[in-house]
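Structure record follows, encoded as C-alpha cells.
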Amino acid sequence: MEQTTTKREDISSIDYQEFVINMGPQHPSTHGVLRLMLKLKGEIVEVVQPHCGYIHRGIEKMCEHITYPQTIHLTDRLDYLSAHMNNEAVCLLVENALQIEVPERVKYIRTILDELTRLASHQLWWCAFGMDMGALTTFFYGLRDREKILDIFEKTTGSRLIQSFNVPGGLMNDIHKDFQKEVKEFIKYFRKILPEYDQLLTGNVIFQQRTKDIGILTKEDAINFGVTGPSGRGSGFSCDVRKIAPYSAYPYVKFEEKLQTKGDTFSRYMVRMHEMWESMNILEQLIDNIPEGTHAVKMKPIIKLPEGEYYQRVEASRGEFGVHVISDGNKTPYRFKLRSPNFMNLSVMHHISRNHKIADLIAISGSLDLVIPDIDR
Amino acid sequence: MIKEYFKDVFSGIASLLRGMKVTLSYFVRPSTIITQKYPENRAELKMFEAFRGEVVMPHNENNEHKCTGCGICEINCPNGSIEIISKFEVGEDGKKRKVIDQHIYRLAMCTFCGLCIKTCPSNALAWGQEFEHAVFDRTKLTKVLNQEGSTVQKGVKE
Amino acid sequence: MPFNIYDFSTFTQWIHEALTSAMSPFWVVTLEILFVGLAFLLFYAVIGLFLVYAERRVCAFMQCRLGPNRVGFQGLLQTVADLIKLLFKELITIKYADKLLFNIAPFLVIIGSFLALAAIPLANGLHAVDLNIGVFYIMAVSSIGVIGILLAGWSSNSKYSLIGAMRSGAQIVSYELSVGLSIITMVVLAGTMDISEIVELQRGGWFLFKGHISAFIAFIIFLVASTAEINRGPFDLAEAESELTAGFHTEYSGIKFAFFFLAEYMNMFIVASLGATLFLGGWMPFHVPFWEGFNTVMDWIPPFVWYIAKTGFLIFIIMWFKWTFPRLRIDQLLTLEWKYLLPFNLFNVLLMALLVLLGLHF
C-alpha cells in the first residue's frame, strides 16, 4: 500500500496521460458480464466504475406476477452458487408469515444442504480465485472436489446447480437413502484434500505476496458499505446471520464465526478457507442426527400471505441474503425486494482497489467473490 | 536484516517446492484422473433416479396414462412451458366429458422447477432421465407428452 | 553413405564432398544453405507442434484430466488439426492499427527463435553453425523476440496489448541480465564461448557436477530467469490471461496468432536446450568416472537421444512451474530480479571465479 502511494507521487511530477479501459462485459476474470470502467495511470488504477445491468432480468418485477411457490425457481437464478440458501429465504418467509412450523427433519436437511452448498460455493471460489491469480491448476482441483458435492445433490434433488428443492412448507421430496453415507464419505475425503489446497496456494510465497496488504477494507467501511459474508468477516465485521438470527437447524449446532481483523485480500481468503472447515464441522454434527418424520407439511394449494410486510434473511455463501415482501393478501406479492449480498460487496470495489495495480484489482475482485447475476438480478 | 533476507529466500523456495510436490504427485498418478470419455461411456452412463432431465408422462402397456387434463400443471408452471388442449368426448354412458387431446410441453422454456410434477393430483407426470436434448431445429423441443391414441387409465379420479 | 548415428560429422562431410565434386563452390554453398534451412524449418515445425501437444498433455495430467486424446494416436495429431484450423481462419485487419508493424511483429518474434536454433548442437556433429562465440550469439539473437512483442503491442492500437507489451519490455530487459550472468558463470568455468567446445569439455562430467555449488546456483537462476525471459507462467505478465485477456497478441488472429504461439514454445525449446548444453552436457552421455561398464552402456545411447531427453527434462520443469504457481505482479517481478536474483548472481560469478582459480572444481 505504502509502496504504491510513493510510486504515485513519483509519477505525478511527470507528464502523464490517463486512459480509460473497459474491463468487461466480456473479460475472463470478471466471471460473467460485469463491466468495470477503469481509469488507469500506467498500471495503477485510479478509478473503478462498475456498470451493472448486462444480465438484468427483472427478477423482482417478475416475482410480483407469480405465486410464492413459483418464485423459488427465480431466486435460484440469482446467486446460482447459493441457490439453496436463496430458496430457503423465500420458504422461511412464507412459513413465518403463515406461522407454519416445519418438521424437524426438514430443518435438519435444509441446514445440511445449506452447508453443502456453502462448501461447493467456496470450492468454486477457491479454484476461480487461483485462476484469477494465474495458478490454473487450482481450477481443476476445486472443480474435482465440487463435483462430489454436486453428485450428492443430484442424487437427492435431481439437479446439480439450481436445485429448486425447497418449497414453502418443506422439501420437494425426501432425501435419497444413500444421502447420509455419501455426505460422511465426502467429509472424510475432503478433510484429507483441504490441506492440499493450502500447500498449493495458501502457503505459496507468490500468492501471499500478491494478496497480503492488498485491498484493505476497514471494519468501519465494511459496515458503512454493508459488506457482509466472508468479505465482511475478513474485516472483523461480525455479520453471520447464522449466529445473529439463527434459522432452521443452526440453533442446534455449535460452530464458530470465523473472523479476521486485517481486512486485506488474504484475510478474506482465509475466512473462506476456515469456513470450509467449519462447514464440515456443522455437517458432522447434523448428519447422524436427522430425525424421522415427513419431508413437508401439507400446504394449501394456493398460498396467500396475510396483508403486511415481511422480511427474512439468511446467510448465503457470499453474505446476507434478504427477501422483503409486501403482501396485499393476494396469492402474488405486491412488492418483492431482494437484498443481494453481491451488490453491496461490489460497491466497495472502487474504495478498496484505488491506487493498486491492475493485477491487484483482479485479486480484489476475486476475493470479493462476485456472482454477477446476483448483482443485476 | 541479512538473516531475514535469507530466511525469506529459503522459506519462499520451500513453499514453492511444496506446491510443486502436489502437482507432481498428481502427474505421476494417472489413477487420479477423473474426466471421462463421454460418448464412449454412454452405455454405463446412468443418471440418478431423481435426475431432472425432462418432464415425461409415463404410459402403461395398454397405452394408457393418468392425465385427466385438469390443467393444474398448466396453472402452476411459472413460465408457460405446459399447454393443455382438451376435447369433448362422448363417454359410454352417453355423457359429454372433457378429456385431454394434447399435453404440450415446451422443453426449451422449462426451468426444471418441478412444480407440475409436484402438484399433479393424479401423478400423471414424472421426471425422465434423458439428458441429450440438443437438436438442430428448435421446434423439435416442443413435445406432446401423451402418446398417439392413448387413453386415460381407468380408476383415475377426475 | 557413411551414416553414423553416433557421429554426424562424417555424414555431413560426405554430403559436402559429394556436392563439391558435382558443381561449383557457389552452388554448393547455396544448396547447402537451402538444405539446412529446409531441415530447420521442418524441425522447427515438428518440435513446435509436438511441444504444444506435450504441454497440453502434461498440464492435463497435473490437473487430473486426460487432455487431447481424440485426433490420431493418443491425440498426437491434435495440434496438426489445430494448425490447419488456424491456417483457414480469417486474418482480421484492425482499422486503426499500424499495418506494417502489425504484420511484421509475428515474423520478428519467430525470426528471433529461429536464429538462435542455428547455433545449438543437436548431436555430435549435427550443428548448423559452429561459432566461436556461440553463447554470445544465442544471447544476442534471442533478444530480438522482445522487439516483436513490443511492436505487436504498440501497433495493435489496443490498450490491453499496449500494457502487455510494456510489461514484457520491462521484464525481458531485466531478466536478460540474470540469464546472461548465469551463463557467464558457466563460461567462466568452461573458459570458452564456443558451444561445441563447451560440450566437449563435459565429456568427463557435466558442468552441473563439475562446478558443484556455484554451478547449481547458476542452474537454478538460469531456470527461473529463462522462464521469465520467454514470457511463460508464472512470469507470463505480457500475456496475463486473467488480467489483459491475451496481452500483446489480443488483436491477432489466425496464423499470425499461431506464430506467436509457436514462437513461445520454440523459445522454451531453445532455453531448455541452452540449459541442457551449458549445465547438463548437451549431447554428452552421462558418465560416472571409473564405472567403465556403466559408461559403455551410456555411450551406446545415441547422442541425439541424450540431447532430446535432457532438453525434454528441462522443458518439463518449465511446464511444471507454469502449472503450479500463481502469476507475479509486475513490481514483484522486478523486485525478484533486482533484489534477489541479481545479487545472488553477481556473488555467484565471483564464487565461480574463485573456484576456478583455486582449482576447487572437479
Side-chain angles (χ1 to χ4, degrees), chain B residues 1-54 107-108 112 128-138 140-141, chain C residues 54-71 73-75 78 178 216-217 219-221 223-225 227-228 233-235 312-329 332-333 335-348:
Chain B
M1 177 69 187
I2 289 192
K3 207 176 154 192
E4 258 175 45
Y5 176 86
F6 279 101
K7 215 180 121 195
D8 277 2
V9 171
F10 287 113
S11 66
I13 292 174
S15 78
L16 296 179
L17 288 176
R18 269 200 298 279
M20 285 169 76
K21 200 187 89 193
V22 174
T23 40
L24 186 72
S25 77
Y26 282 109
F27 181 76
V28 295
R29 279 185 297 162
S31 60
T32 55
I33 289 174
I34 46 145
T35 47
Q36 299 165 0
K37 293 188 175 181
Y38 162 55
E40 286 94 333
N41 69 352
R42 247 191 200 143
E44 65 258 33
L45 197 64
K46 282 276 178 295
M47 287 293 128
F48 299 120
E49 206 179 311
F51 178 68
R52 299 178 179 183
E54 59 179 340
L107 182 59
F112 305 95
Q129 271 71 49
E130 179 65 37
F131 62 94
E132 291 161 323
H133 291 312
V135 283
F136 283 105
D137 186 358
R138 103 168 61 156
K140 282 182 189 148
L141 292 173
Chain C
E55 159 111 80
R56 291 178 66 180
R57 282 298 264 201
V58 166
C59 84
F61 281 126
M62 281 181 178
Q63 295 167 344
C64 311
R65 293 188 290 128
L66 281 167
N69 57 4
R70 296 295 161 112
V71 191
F73 174 71
Q74 287 290 310
Q78 178 69 47
S178 270
F216 189 69
I217 295 174
F219 182 59
I220 300 287
I221 291 175
L223 267 183
V224 174
T227 311
F235 307 102
F313 172 68
L314 290 187
I315 286 173
F316 174 73
I317 288 182
I318 292 174
M319 284 177 181
W320 190 6
F321 283 159
K322 169 156 185 172
W323 297 105
T324 308
F325 302 138
R327 186 182 303 117
L328 278 84
R329 206 169 58 207
Q332 289 163 356
L333 183 90
T335 309
L336 175 69
E337 162 65 21
W338 296 100
K339 284 196 187 156
Y340 293 93
L341 293 187
L342 190 66
F344 265 89
N345 230 333
L346 287 171
F347 167 76
N348 197 31

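What you are looking at is a predicted structure, and each value in this text was computed from that prediction instead of being measured. So you know, we letter chains A, B, ... as the sequences are listed, proteins then strands, and number each from 1. Values below: every heavy atom of this structure, side chains too, minus hydrogens, waters and symmetry copies.
- Taking the ring pair (Phe, Tyr, Trp, His ring centres under 6.0 Å) definition, one finds that B:Phe51 meets it with nothing, sequence neighbours left out.
- Close approach to chain C, defined as a heavy atom under 4.5 Å from one of its heavy atoms, is seen in B:Leu16, B:Gly19, B:Met20 of residues 13-21 of chain B, taken by number.
- In this structure, the portion of C:Phe325 lying under 4.5 Å from any heavy atom of chain B is its side chain and not its backbone.
- Between the side chain of B:His133 and the backbone N or O of B:Gly53 there is at least one donor-acceptor pair closer than 3.5 Å.
- Of the possible donor and acceptor atoms, one in the side chain of C:Arg57 sits under 3.5 Å from a partner among the backbone N and O of C:Leu66.
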Ignoring hydrogens and angles, write down the donor-acceptor pairs under 3.5 Å from the side chains of residues 5-12 of chain B, residues two or more places apart or on other chains.
residue : atom : partner  : partner atom : Å
B:Tyr5  : OH   : C:Lys339 : O            : 2.5
B:Ser11 : OG   : B:Lys7   : O            : 3.0
B:Ser11 : OG   : B:Asp8   : O            : 3.3

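- In this structure, B:Phe112 and B:Leu107 have side chains that are in contact, with non-hydrogen atoms separated by less than 4.5 Å.
- Residues C:Lys322 and C:Glu55 are not paired through a salt bridge, judged by the lack of any N-O separation under 4.0 Å between the basic side chain and the carboxylate.
- For C:Pro326, no part sits under 4.5 Å from any heavy atom of chain B, backbone or side chain.
- Every residue two or more places apart in sequence or in another chain that forms a ring pair (Phe, Tyr, Trp, His ring centres under 6.0 Å) with C:Phe219 is listed here: C:Phe279.
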